S.K.: 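Structure below; questions to follow.
Here the structure is a predicted model, which is why all the values come from computation and not from measurement.
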Amino acid sequence: MPVIRKIYLILLIIICITFIQSCGKKEEPQTFIPPGQDSTINKEKERKAREEFENLKNKQNGITDSAALKKDSLLASDTSKINSDTSKVQKTDKKKFVQKEKELNKRLDNPKNTITDYIELLKRGTTEGGNFDLNMKKASQQWVSANESRFKNNYKNTRNIIILEEPKITSQKGDEATVEVKIKKSDNVNSKIEETEMTVRYNLVADSNGKWKIKDNIVVKK
């Protein structure tokens, strides 16, 4: 028994010593890092960097848009000015063209030629076999106030027209002129042919295109 007690006593002593030693050790402090904290910090930095980039990009776009708008405005202004200038040039060119056309017509289609052509239409219309209606219509158009019906009535009995003296200009000033011509006209009156010599004085005016038209006439019979 004394041996067993000694053994228990020794074991007890060992256990006590071991307990005392274990209690005497100091635990090293540990820092607790929540899981995923490093990832969160990186994401926050990335977000801020992205925001700064977006802000910078927006500023650049704002400058670019402003410049583009200014450029478009200048371009629109220049285009408007070009269109305005082009319109002015076109109007000026058109005015010059009309004036040149008028002057050319007055040179080529002078009052003397107008009367010559007019009498030729009367001759064609009254000659046997000629196209009376068509030539009377064209002759009427040589007057400022065309009247086809009046021409048909005036020349329905005419059988022949002869030019005794060629048309000549007796006066011309600006857009007005007077041309005289001497003719002999043969008319069917009561189934008889009557011949009449006359001098016809035609007063003409140039229209807006410079073409001469007959305003009125005076007939002096022989």
S.K.: Going by the salt bridge (Lys or Arg N to Asp or Glu O under 4.0 Å) test, which pairs reach into residues 121-132, not counting sequence neighbours?
M.R.: E120-R124
S.K.: Find out whether T196 and K221 are in side-chain contact, i.e. whether some heavy atom of one side chain is under 4.5 Å from a heavy atom of the other.
M.R.: yes
S.K.: For the residue pair I161 and T126, establish whether any side-chain heavy-atom pair is separated by less than 4.5 Å.
M.R.: yes
S.K.: Sort and list the pairs that fulfil ring pair (Phe, Tyr, Trp, His ring centres under 6.0 Å) and have at least one residue in residues 161-184, not counting sequence neighbours.
M.R.: none
S.K.: Can you pull the ring pair (Phe, Tyr, Trp, His ring centres under 6.0 Å) pairs that have at least one residue in residues 170-194, sequence neighbours excluded?
M.R.: none
S.K.: Does K137 have any salt bridge (charged side-chain N to carboxylate O under 4.0 Å, His left out) partners at least two apart in sequence or in another chain, and if so, which?
M.R.: none
S.K.: Sort and list the pairs that fulfil side chain to side chain donor-acceptor pair (under 3.5 Å) and have at least one residue in residues 142-151, not counting sequence neighbours.
M.R.: Y118-W143, E148-K152
S.K.: If you link ILVMFWY side chains whenever their heavy atoms are less than 4.5 Å apart, which other residues fall into the same cluster as L164? By chain and number, please.
M.R.: I162
S.K.: Do V219 and V181 belong to the same hydrophobic cluster, where Ile, Leu, Val, Met, Phe, Trp and Tyr are linked whenever their side-chain heavy atoms lie under 4.5 Å apart, directly or via other members?
M.R.: yes
S.K.: Nearest 0.5 Å, please: how far is CZ in F151 from CG in L122?
M.R.: 6.5 Å
S.K.: With sequence neighbours left out, write down each residue that passes side-chain hydrogen bond (donor to acceptor under 3.5 Å, both in side chains) with N135, or none if nothing qualifies.
M.R.: none
S.K.: Keeping D207 on the side-chain end and N209 on the backbone end, is there a donor-acceptor pair under 3.5 Å?
M.R.: yes
S.K.: Of all residues at least two apart in sequence or in a different chain, which pass the side chain to side chain contact (heavy atoms under 4.5 Å, CB included) check with I169?
M.R.: P111, K112, Q172, V179
S.K.: How long is the span from the CG atom in N157 to the OG atom in S186, to the nearest 0.5 Å?
M.R.: 12.5 Å
S.K.: What pairs with E166 under side-chain hydrogen bond (donor to acceptor under 3.5 Å, both in side chains), at least two apart in sequence or on another chain?
M.R.: none
S.K.: Could you tell me the separation between the NZ atom of K138 and the CG atom of D133, rounded to the nearest 0.5 Å?
M.R.: 12.5 Å
S.K.: Suppose the criterion is ring pair (Phe, Tyr, Trp, His ring centres under 6.0 Å): which pairs have a residue in residues 161-200, not counting sequence neighbours?
M.R.: none
S.K.: Given R159 and D187, is the side-chain contact (heavy atoms from CB on, under 4.5 Å) satisfied, shown in steps?
M.R.: CA-CA 6 Å; R159 295 293 175 263; D187 297 307; over 6 Å; no
S.K.: Identify whether W212 and I214 are in the same connected component of the hydrophobic contact network (ILVMFWY, side-chain heavy atoms under 4.5 Å).
M.R.: yes
S.K.: Output the distance between atom CD1 (I183) and atom CD1 (I163), rounded to the nearest 0.5 Å.
M.R.: 8.0 Å
S.K.: Restricting to non-hydrogen atoms, name the atom on K213 and the atom on Q141 that form the minimum distance, rounded to 0.1 Å.
M.R.: NZ-O, 2.8 Å
S.K.: Name every donor-acceptor pair, under 3.5 Å, that has one atom in a side chain of residues 197-206 and the other anywhere in the protein, sequence neighbours excluded.
M.R.:
from: E197; atom 1: OE1; to: K222; atom 2: NZ; distance (Å): 3.4
from: R201; atom 1: NE; to: E180; atom 2: OE2; distance (Å): 2.9
from: R201; atom 1: NH2; to: E180; atom 2: OE2; distance (Å): 3.1
from: N203; atom 1: OD1; to: T178; atom 2: OG1; distance (Å): 3.0
from: N203; atom 1: ND2; to: D216; atom 2: OD1; distance (Å): 2.7

